[in-house]
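Structure, as structure tokens:
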Protein chains: 2
Amino acid sequence: MVTAQAGSPAAQDDIMRAGTLAREIFSDVANKWALLIIETLGDETRRFSELRDALEGISHKMLTQNLRMMERNGLVERTVHPVVPPRVEYRLTGPGHGLRATVDLMCEWTRQNMDHIEAARDEFDETSPRRG
Amino acid sequence: MVTAQAGSPAAQDDIMRAGTLAREIFSDVANKWALLIIETLGDETRRFSELRDALEGISHKMLTQNLRMMERNGLVERTVHPVVPPRVEYRLTGPGHGLRATVDLMCEWTRQNMDHIEAARDEFDETSPRRG
DNA sequence: CGGGATCCGTGCAGATACTG
DNA sequence: CAGTATCTGCACGGATCCCG
């Protein structure tokens, strides 16, 4: 969306603003499924059906959609093998691995704070509805 | 919904699986708006209306909803000042700051790869519809 | 001013079917 | 097996109203 034809040259400065940048990231580059796909791909080259199986919960439409979006953003590389049973493989690009590193960090944070989160939820669960 | 009432004790082991964990993160803890709010809060203590002004694009409902969810997850701390014009302030908790660090990293990655992303989009934009 | 509740529209996401 | 197109729904998100 930052691209588009905004027509405002001064808008380039606004891109540096956290809000605008973050919006760009989390609504297009790093949406929920994309991040999940990045984690699933890891260092490997995986087929479409393998990804679908690994993510299980995702529909084939969402997978295709996100894979294409990620390919468009240069996060994954799509390789089509011209064989009779079509074989299409995906793997992270260099930048894709870079993003993956940050996602890994976020996963690690969650792992370390999982108990805190659950504790907070538990406390909130009995504090919120009653309000002391 | 990793939580729910799965009823399977063995499921605890599955939580360690990247997929399940990541799902938990990106669908509840670190959704699009939550990440945006985290970036907006930063080190400061901000009022509800300040946040709404800073994020501008968000509706009061979404802000309230996400703020409450983040409070439930122990990411933000909500302080209500019992004054005549109600004054409610929010600030990141310790764990909240930890998550913020990872979000910052992701923002930094985007900043560094912005040109790559745009280039990839540009290339894809003319390669995809025509297929060479 | 902060926030809950409600109503309602939009758009995302699932299922299905067809192509190559 | 991989991908696209279409149709539908349902949930998410916005606007409004009212309460504290």
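The chains referred to below are lettered A, B, ... by the order of the sequence lines, with proteins before strands, and numbering in each begins at 1.
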Using heavy-atom distances to pick each residue's nearest nucleotide on DNA chain C, tell me which of K32(A) and V84(A) is more 5'.
K32(A)

Minimum heavy-atom distance M69(A)-A34(A), with the two atoms named:
CE-CB, 4.1 Å

Residue whose nearest DNA chain D nucleotide is more 5′ - T64(A) or P85(A)
P85(A)

Below 4.0 Å: OP1/OP2 of dT4(D) and any side-chain N or O of R68(A)
yes

When rounded to the nearest 0.5 angstrom, what distance separates CD in Q65(A) from CE in M70(A)?
13.0 Å

Spacing between R46(B) atom CZ and dC1(C) atom P, to the nearest angstrom
16 Å

Taking side-chain contact (heavy atoms from CB on, under 4.5 Å) as the criterion, tell me which of D43(B), L75(B), L35(B) meets it with R100(B).
D43(B)

Quick one: closest heavy-atom pair of W109(B) and T102(A), and the distance?
CB-CG2, 4.2 Å

Using a strict cut-off of less than 4.0 Å between a Lys/Arg side-chain nitrogen and an Asp/Glu carboxylate oxygen, indicate whether R87(A) and E89(A) qualify as a salt bridge.
yes

For atom CZ of R87(B) and atom P of dG20(D), their distance in whole Å
23 Å

Atom pair distance, as rounded to whole Å: CG in L63(B) and P in dG3(C):
8 Å

I58(B) CD1 to dG2(C) P, straight-line distance once rounded to whole Å:
14 Å

When the distance from CD of E56(A) to C1' of dG14(C) is rounded to whole Å, what number comes out?
17 Å

Using the side-chain heavy atoms of V88(B), tell me which of these nucleotides is nearest: dA2(D), dC7(D), dG3(C).
dG3(C)

Would you please confirm or rule out a distance under 4.0 Å between OP1 or OP2 of dC1(D) and any side-chain N or O of R47(A)?
no

Between N66(A) and P86(A), just flag the one whose closest nucleotide in DNA chain C comes earlier from the 5' side.
N66(A)

Report yes if a side-chain nitrogen or oxygen of R78(B) is closer than 4.0 Å to either non-bridging phosphate oxygen (OP1 or OP2) of dG3(C); otherwise report no.
yes

Between dA15(D), dG2(C), dT16(C), which one does the side chain of S49(B) approach most closely?
dG2(C)

Would one find a side-chain N or O of S59(A) under 4.0 angstrom from OP1 or OP2 of dA15(C)?
no

Please tell me which of the listed nucleotides, dG3(C), dA13(C), dG13(D), lies nearest to the side chain of M62(A)?
dA13(C)

